[in-house]
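Presented below is the structure to which this report refers.
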Amino acid sequence: QVQLVESGGGLVQAGGSLRLSCAGSGRTFDSCAMGWFRQAPGKEREFVAAISLSGTRTYYADSVKGRFTVSRDNAKNTVYLQMNSLKPEDTAVYYCAARPGYYTSTNLANYDYWGQGTQVTVSS
């Protein structure tokens, strides 16, 4: 069992930056691959980024590649999403998710545990 709590969302202007944090609980946290997903109003929830349980492998959606960076600090039970050069189309609720095991996935159905989400709004 893993509990996840996101923080760091807010309102920024286009071109600005935000860093989202996802704090996990329990010893199982460092046994999970982690993912970030987002959902804009009227749209399906979509993959943003993922990181392996050791932090050695990362994956990004084409829409955020080169702008976003996912990282983790297992000693702090925390995963981060650094978001730079933000665009209005990045506006969404961002969710942290955990998948027990080594392998990452871009499919939200493969993640067992989810945070409540944090709102990111980018003004033009």
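Bear in mind that the values here come from a model prediction, so they are computed numbers and not experimental data.
Note on Phe68 and Tyr80: separate hydrophobic clusters, where clusters join Ile, Leu, Val, Met, Phe, Trp and Tyr whose side-chain heavy atoms are under 4.5 Å apart, directly or indirectly. The cluster map of Ile, Leu, Val, Met, Phe, Trp and Tyr, joined by side-chain heavy atoms under 4.5 Å apart, puts Val79 and Leu18 in the same cluster. Under the 4.5 Å side-chain heavy-atom criterion for grouping Ile, Leu, Val, Met, Phe, Trp and Tyr, Met34 is not connected to Leu108 through any hydrophobic cluster.
Within the 4.5 Å cutoff, the side chain of Val70 has heavy atoms near those of the Tyr60 side chain. Taking the side chain as every heavy atom from C-beta outward, Tyr59 and Ser52 never approach each other to under 4.5 Å. Between Thr69 and Leu81 there is no side-chain heavy-atom pair separated by less than 4.5 Å. Between Val120 and Leu20 the shortest side-chain heavy-atom distance falls below 4.5 Å.
Between the side chain of Thr56 and the backbone N or O of Ser54, no donor-acceptor pair lies under 3.5 Å. Proximity of a side-chain donor or acceptor of Arg19 to a complementary backbone N or O of Gln82 within less than 3.5 Å is not detected. Looking at Gln39, its side chain never comes within 3.5 Å of a backbone N or O of Val93 through a donor-acceptor pair.
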Can you check side-chain contact (heavy atoms from CB on, under 4.5 Å) on Arg57 and Thr104, steps first, answer last?
CA-CA 9 Å; Arg57 294 178 175 84; Thr104 59; 5.7 Å; no
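Atom CD of Glu46 has more than 12 neighbouring heavy atoms from other residues, nucleotides or ligands inside a 6.0 Å radius.
In this structure, Lys65 pairs ionically with Asp62, as a charged nitrogen and a carboxylate oxygen lie closer than 4.0 Å.
For residues 35-71, there are no disulfide bond (SG atoms under 2.5 Å apart) pairs, not counting sequence neighbours. Among pairs with a residue in residues 93-124, those fulfilling disulfide bond (SG atoms under 2.5 Å apart) read Cys22-Cys96, at least two apart in sequence or across chains.
Arg38 forms no cation-pi arrangement with Tyr95, by the criterion of a distance under 6.0 Å to the ring centre and an angle within 45° of the ring axis.
With sequence neighbours excluded, no residue forms a salt bridge (Lys or Arg N to Asp or Glu O under 4.0 Å) with Arg72. Residues satisfying the ring pair (Phe, Tyr, Trp, His ring centres under 6.0 Å) criterion with Phe47, sequence neighbours excluded, are Phe37. In this structure, Glu89 has no salt bridge (Lys or Arg N to Asp or Glu O under 4.0 Å) partners at least two apart in sequence or on a different chain.
Clustering of Ile, Leu, Val, Met, Phe, Trp and Tyr side chains at separations under 4.5 Å places Leu53 together with Tyr102, Tyr103.
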